[in-house]
Chemist: 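If you scroll down you'll find the structure; I have some questions about it.
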Amino acid sequence: MNTIKTFEDLQNMGTNVIHEQTHIARHKLESMLNKSFGELTRVQFMGFVSILEREYGIDLSTLRDEYNQYIEVNPDLLMAKESVVLQAQSRSRQKWVIGGIIAIGLLIALASMMQGRLTSAPQEEVMKLSSATVEVVDQNSDQNSSAEINMTAAAAAVEMNATGAKYEHNVTMEADPAAMTLGNGVTIKPLSKVWIGMMDLATGEKTQKITKDPIALDSSKSWLLIFGHGRLEITTSEGKKTLKERNTVWFSYENGMLTQLSHDQFTAKNNGTNW
C-alpha cells in the first residue's frame with residue numbers, strides 16, 4: 001500500500017531517499033521540499049513536480065498553485081532567469097552544443113562504470129565491507145522486485161523520520177521472544193528484496209544498497225544497520241531466528257553481538273541522526 005499521500009509525506013521522506021528513487025538532484029529536491037521557489041526555474045519546478053506525482057501517485061496541484069502565486073508576486077525573478085537563458089543561447093550556441101556533447105559523453109562513461117560495478121564487483125566491494133563475506137544463496141529473479149524496492153525504501157524513510165513512535169517487533173524464535181542479542185557468526189538473509197543502510201561505527205562511513213542476498217557479519221568490525229523491512233532470517237551459532245516485521249528495523253553489531261534496537265536507541269548511537 002502506498003504510504004505517500006501528501007507533500008508533507010514527501011518532506012518526511014527526506015532528500016536522500018527521494019533522490020535514490022527519482023534521481024532528481026539533491027539540492028533541487030531540497031529547494032522543492034523547503035519551498036524555496038526562487039531557486040528553481042519554472043521549467044525545472046513543473047518537471048520535478050510531474051516526476052514526483054508519477055513516482056508516488058499523489059496530487060501536487062496545491063504545490064503548483066503556491067509556485068504560481070510566488071511567481072505572480074515576484075515577476076522580476078522569472079523574467080530575469082528567462083532572459084539569461086535566452087542570451088546564453090543566442091550568444092554562445094556553438095559552445096552549448098559542444099558542452100552538450102561533452103556532457104552526454106561523460107554520462108555514457110559514468111553509466112558504463114556504474115553498470116560494470118553492479119555486474120562484476122563482488123558484494124564486499126559494493127557494501128565496502130573489507131572483512132565481511134557475502135554468500136549468495138538465491139539467484140532466482142524476484143517477480144515483484146520493482147514494487148518491493150519502492151515499498152521498502154519508502155517505508156524505511158518514513159519510519160526513520162518518525163519521532164516518538166511506539167517500538168514493536170514480531171519475532172519467531174526458539175528462545176525468549178524479548179531477547180534479541182545474538183552470538184558470533186551472524187548471517188542476515190532478507191526474505192525479499194530490501195533497502196539496507198550500514199554505518200561503520202569506527203569511521204562513520206555510510207553505505208547502502210537494495211538486495212535480497214544474505215550478509216555475513218564479521219566480529220572484527222562494529223556496525224549500525226537499518227533494514228527497510230523486518231522480514232529477515234537471522235542465523236547464528238545457536239540456530240535460526242525469523243523476524244516478520246513489515247516496517248523498518250534497526251540493529252547494532254558490536255563485539256560479535258547483534259542487537260535489535262528501537263528507533264530512539266539507534267539515533268542515540270548515531271549521534272542523534274536517523275541515517
Chemist: List the atom of Gly204, the atom of Met199, and the distance in Å for their closest heavy-atom pair.
Modeler: O-CG, 3.7 Å

Chemist: Working to the nearest 0.5 Å, report the span between CG of Leu224 and CD of Glu254.
Modeler: 7.0 Å

Chemist: In Å, rounded to the nearest 0.5 Å, how long is the span from CD1 of Ile234 to OG1 of Thr187?
Modeler: 10.5 Å

Chemist: Could you tell me which non-hydrogen atom of Lys212 sits nearest to which non-hydrogen atom of Ser192, and how far apart they are?
Modeler: CB-C, 4.0 Å

Chemist: Measure the shortest side-chain to side-chain distance between Leu29 and Phe48 over non-hydrogen atoms and say whether it is less than 4.5 angstrom.
Modeler: no

Chemist: Does a side-chain heavy-atom distance below 4.5 Å link Met32 with Val49?
Modeler: yes

Chemist: Parallel, tilted or perpendicular: which fits the ring planes of Phe266 and Trp250, with parallel below 30° and perpendicular above 60°?
Modeler: tilted

Chemist: Using a 4.5 Å cut-off on heavy atoms from C-beta on, say whether the side chain of Lys189 contacts that of Thr235.
Modeler: no

Chemist: Go through Ile104 and Ile101 one step at a time and tell me if the side-chain contact (heavy atoms from CB on, under 4.5 Å) criterion holds.
Modeler: CA-CA 5 Å; Ile104 292 173; Ile101 295 174; 5.8 Å; no

Chemist: Any side-chain heavy atom of Thr242 within less than 4.5 Å of one from Leu191?
Modeler: yes

Chemist: Could you tell me whether the side chain of Tyr67 and the main chain of Arg42 form a donor-acceptor pair under 3.5 Å?
Modeler: yes

Chemist: Test Gln265 against Thr259 for side-chain contact (heavy atoms from CB on, under 4.5 Å), laying out the working first.
Modeler: CA-CA 11 Å; Gln265 290 171 331; Thr259 303; over 6 Å; no

Chemist: Start with the C-alpha distance between Leu258 and Ile188, add both sets of side-chain angles, then the distance that settles side-chain contact (heavy atoms from CB on, under 4.5 Å), and finish with yes or no.
Modeler: CA-CA 10 Å; Leu258 180 71; Ile188 303 176; 3.9 Å; yes

Chemist: How close do Phe7 and Leu63 get, heavy atom to heavy atom, and via which atoms?
Modeler: CE1-CD2, 3.6 Å

Chemist: Is any NZ, NE, NH1 or NH2 atom of the basic residue among Lys209 and Glu20 found under 4.0 Å from an Asp or Glu carboxylate oxygen of the other?
Modeler: no

Chemist: Would you confirm whether Asn34, through its side chain, and Ser36, through its main-chain N or O, come within 3.5 Å as a donor-acceptor pair?
Modeler: no

Chemist: Which heavy atom of Ile24 sits nearest to which heavy atom of Leu52, and what is that distance?
Modeler: CD1-CD2, 4.4 Å

Chemist: Could you give the distance from NE2 (His229) to CG (Asn247), rounded to the nearest 0.5 Å?
Modeler: 11.0 Å

Chemist: For the pair Tyr70 (side chain) and Lys35 (backbone), establish whether a donor and an acceptor sit closer than 3.5 Å, ignoring hydrogens and angles.
Modeler: no

Chemist: Given 3.5 Å as the limit, does a donor-acceptor pair link the side chain of Asp59 with the main chain of Ser61, or not?
Modeler: yes

Chemist: Supply the atom-to-atom distance Leu232 CG to Phe227 CZ, rounded to the nearest 0.5 angstrom.
Modeler: 5.5 Å

Chemist: side-chain contact (heavy atoms from CB on, under 4.5 Å) for Ile226 and Trp195? Distances and angles first, verdict last.
Modeler: CA-CA 8 Å; Ile226 305 175; Trp195 176 86; 3.8 Å; yes

Chemist: Distance check, rounded to the nearest 0.5 Å: Ile18 atom CD1 versus Leu33 atom CG?
Modeler: 5.0 Å

Chemist: For residues Ala202 and Asp200, report the shortest heavy-atom separation together with the two atoms involved.
Modeler: N-OD1, 2.9 Å

Chemist: Hey, could you give me the CG/CE distance between Leu60 and Met46, rounded to the nearest 0.5 Å?
Modeler: 11.0 Å

Chemist: For Lys269 and Leu261, work out which heavy atoms get closest and say how close.
Modeler: CD-CD1, 3.9 Å

